[in-house]
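Notes follow the structure.
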2 protein chains.
Amino acid sequence: MEERNLPLGMEVGKMLREMFRVLKKRTCEQAQIKLTIEEFGLLHAISRKEDDVIQKDMAYILGKDKSAILRLIDSLEKKDLVRRVVDANDRRKNYLMVTKNGEKALKEYVEIGAKLMTELQEGLTEADMNTFYKVVNQIRSNSEKI
Amino acid sequence: MEERNLPLGMEVGKMLREMFRVLKKRTCEQAQIKLTIEEFGLLHAISRKEDDVIQKDMAYILGKDKSAILRLIDSLEKKDLVRRVVDANDRRKNYLMVTKNGEKALKEYVEIGAKLMTELQEGLTEADMNTFYKVVNQIRSNSEKI
DNA sequence: TGCAATAGTTGATATTATCAATTATTTATT
DNA sequence: AATAAATAATTGATAATATCAACTATTGCA
């Protein structure tokens, strides 16, 4: 299996493309609001955070450049799915709030996504998935140390 | 672990970004020829195929649009790393050949990549990696059926 | 001979990423 | 109090990739 080295990125890339292709297809058909995969990911991440969220933190959490996050937030704000709220005590900080529309859109996407993932994981056990995430986290973690 | 659904794409996406970030850094420092991740992936895939390779096949193998593959081939050809050779018996088909320069560039990138992957997989067993690939292939395969 | 299928190409558009530089604000230091 | 350093966000410019439909050239088949 040594020949598997490095093409790991290609194999994983292909898996993601196929998976996202189906997700896009379904969300296009079934969801009312159009979101790109990256917008959906950010909206989801914002929504999941219990404590206050600022842009810089989202950039770190998603492993993206802060200017890339800024543009995604711009896009979500334009669609009225999030709102930037300036911290009363520190005007450098914008808190990110998911609007009612945002919650609605997210609900649709999360439902479609959950259903799809159930289908895509057919034939895989919970132990398999646990090992999968372990590998993903290990590789990511090791990367961040370099 | 149910809350892990769907953000799989985000987790995996982040892993890939971190991994590729390091790979780019190192190839920038150490390799003589500049290749993007996608160019490297395509060059590698062309090189690995034992039988004759045409563009359409590469598109399928990498799960990319044929026009995207075409532009990547254009780019590699411009860098003199591959050559298109028209089939003598069927002028619709271009065979893709890796040039001497291409082999050279590939050798550098594969070495850097292999070394990196060894580091990134530290703490993971072969069984872990086997399960990881099993999951990747299963999800991709299930996606392709939809 | 004409049509269908195949392989590749093109133009247009959309999306995302990256980088450095900049602005505004707060905190720390002198 | 004034200045410097640090922090959060923004901006402009550029590069890369993806997607889609329509198109061209060629081959195979009825």
Side-chain angles (χ1 to χ4, degrees), chain A residues 9-10 13-14 16-25 27-28 34-43 46 52-79 82-96, chain B residues 9-10 13-14 16-25 27-28 34-43 46 52-79 82-96:
Chain A
M10 299 300 125
K14 183 172 181 180
L16 282 185
R17 279 192 291 281
E18 299 300 333
M19 191 176 85
F20 286 151
R21 181 181 58 76
V22 181
L23 181 61
K24 282 176 200 164
K25 185 173 190 286
T27 51
C28 248
K34 296 285 191 261
L35 291 178
T36 69
I37 294 292
E38 304 303 329
E39 288 171 339
F40 171 31
L42 177 56
L43 190 60
I46 294 170
D52 288 333
V53 170
I54 66 174
Q55 293 180 203
K56 175 173 174 283
D57 293 339
M58 285 330 292
Y60 177 75
I61 288 169
L62 296 177
K64 289 177 183 286
D65 195 78
K66 57 194 165 84
S67 58
I69 291 293
L70 178 132
R71 321 272 182 177
L72 286 174
I73 295 171
D74 282 347
S75 179
L76 289 174
E77 200 176 38
K78 189 173 182 181
K79 292 174 181 175
V82 299
R83 205 63 61 77
R84 283 176 169 98
V85 178
V86 182
D87 182 312
N89 296 323
D90 188 340
R91 291 207 300 269
R92 291 173 297 182
K93 291 179 171 177
N94 288 332
Y95 289 120
L96 300 170
Chain B
M10 298 301 125
K14 183 172 181 181
L16 281 186
R17 280 194 289 282
E18 299 300 332
M19 193 175 85
F20 286 149
R21 182 182 57 77
V22 182
L23 181 62
K24 283 177 200 165
K25 184 171 190 289
T27 53
C28 247
K34 295 283 189 261
L35 291 179
T36 69
I37 295 292
E38 305 302 331
E39 287 171 340
F40 169 33
L42 176 57
L43 190 59
I46 294 170
D52 289 333
V53 173
I54 65 173
Q55 293 180 201
K56 176 174 174 279
D57 293 340
M58 285 330 292
Y60 177 74
I61 287 168
L62 295 177
K64 289 176 182 286
D65 195 78
K66 57 194 168 89
S67 57
I69 291 294
L70 179 131
R71 323 273 183 175
L72 285 174
I73 294 171
D74 283 348
S75 179
L76 289 174
E77 202 176 36
K78 189 173 181 181
K79 291 175 179 173
V82 298
R83 205 63 62 79
R84 282 176 171 96
V85 179
V86 181
D87 182 310
N89 295 321
D90 187 340
R91 292 206 301 267
R92 291 173 297 184
K93 291 178 172 176
N94 288 333
Y95 290 120
L96 300 169

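The basis for the numbers below is simple: all heavy atoms, side chains too, and nothing from hydrogens, waters or symmetry mates. A, B, ... follow the sequence lines: proteins, then strands. Residue 1 opens every chain.
- When rounded to the nearest whole Å, the span between CD1 of B:I37 and P of D:dA18 equals 12 Å.
- Taking B:K93 as the reference, nothing meets the side chain to side chain donor-acceptor pair (under 3.5 Å) condition, with sequence neighbours excluded.
- Taking the nucleotide of DNA chain C with the nearest heavy atom to each of A:D90 and A:S75, the more 5' of the two is matched to A:S75.
- One interatomic measurement links the two molecules: NZ of A:K93 to P of C:dT26, which rounds to 11 Å at whole-angstrom precision.
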Please write out the pairs of protein N or O atoms and N or O atoms of nucleotides 19-24 of chain C separated by less than 3.5 Å, giving the distance to one decimal.
residue, atom, partner, partner atom, Å
C:dC19, N4, A:S67, OG, 2.7

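- Between the C1' atom of C:dT10 and the CD1 atom of B:I73 lies a distance of 15 Å, rounded to the nearest Å.
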Taking only distance into account, with no hydrogens and no angle test, what donor-acceptor pairs under 3.5 Å do side-chain atoms of residues 83-90 of chain B form with protein atoms, sequence neighbours excluded?
residue, atom, partner, partner atom, Å
B:R83, NH2, B:D80, OD1, 2.9
B:R84, NE, B:Q55, OE1, 2.9
B:R84, NH1, B:D74, OD1, 3.1
B:R84, NH1, B:E77, OE1, 2.9
B:R84, NH2, B:D74, OD1, 3.0
B:D87, OD1, B:N89, N, 2.5
B:D87, OD1, B:D90, N, 3.1
B:D87, OD2, B:Y95, OH, 2.6
B:D90, OD1, B:R92, N, 3.1
B:D90, OD1, B:R92, NE, 3.0
B:D90, OD2, B:R92, NH2, 3.0

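- Cation-pi geometry between A:K34 and A:F40 is not satisfied (NZ or CZ under 6.0 Å from the ring centre, within 45° of the ring normal).
- Atoms NZ (A:K56) and C1' (D:dT10) sit 16 Å apart, rounded to a whole Å.
- In terms of heavy-atom proximity, B:L96 sits nearest to B:I54 at CD1-C, 4.3 Å.
- Checked against side chain to side chain donor-acceptor pair (under 3.5 Å), A:S67 has the following partners two or more places apart in sequence or in another chain: A:D65.
- In this structure A:K64 satisfies the side chain to side chain donor-acceptor pair (under 3.5 Å) test together with A:E38, sequence neighbours excluded.
- With sequence neighbours excluded, no residue forms a side chain to side chain donor-acceptor pair (under 3.5 Å) with A:R71.
- Heavy-atom distances under 4.0 Å link DNA chain D to A:R84 of residues 82-89 of chain A, given in residue order.
- One interatomic measurement links the two molecules: CG of B:L70 to P of D:dA22, which rounds to 19 Å at whole-angstrom precision.
- Distances were taken from every side-chain heavy atom of B:T36 (C-beta onward) to each of C:dG8, D:dT17, D:dT10; the shortest belongs to D:dT17.
- In terms of the salt bridge (charged side-chain N to carboxylate O under 4.0 Å, His left out) criterion, residue partners of A:K25 (sequence neighbours excluded) are, by chain and number, A:E29.
- A search for salt bridge (charged side-chain N to carboxylate O under 4.0 Å, His left out) contacts involving A:R21 returns A:E18, not counting sequence neighbours.
- Distance A:Y60 OH to D:dA8 P: 14 Å, rounded to the nearest Å.
- Here D:dT10 presents its C1' atom at 15 Å from CD1 of A:I54, a figure rounded to the nearest Å.
- Put simply, CG on A:N94 is 12 Å from P on C:dT25, counting in whole angstrom units.
- Distances shorter than 4.0 Å separate some side-chain N or O of B:Q55 from OP1 or OP2 on C:dT9.
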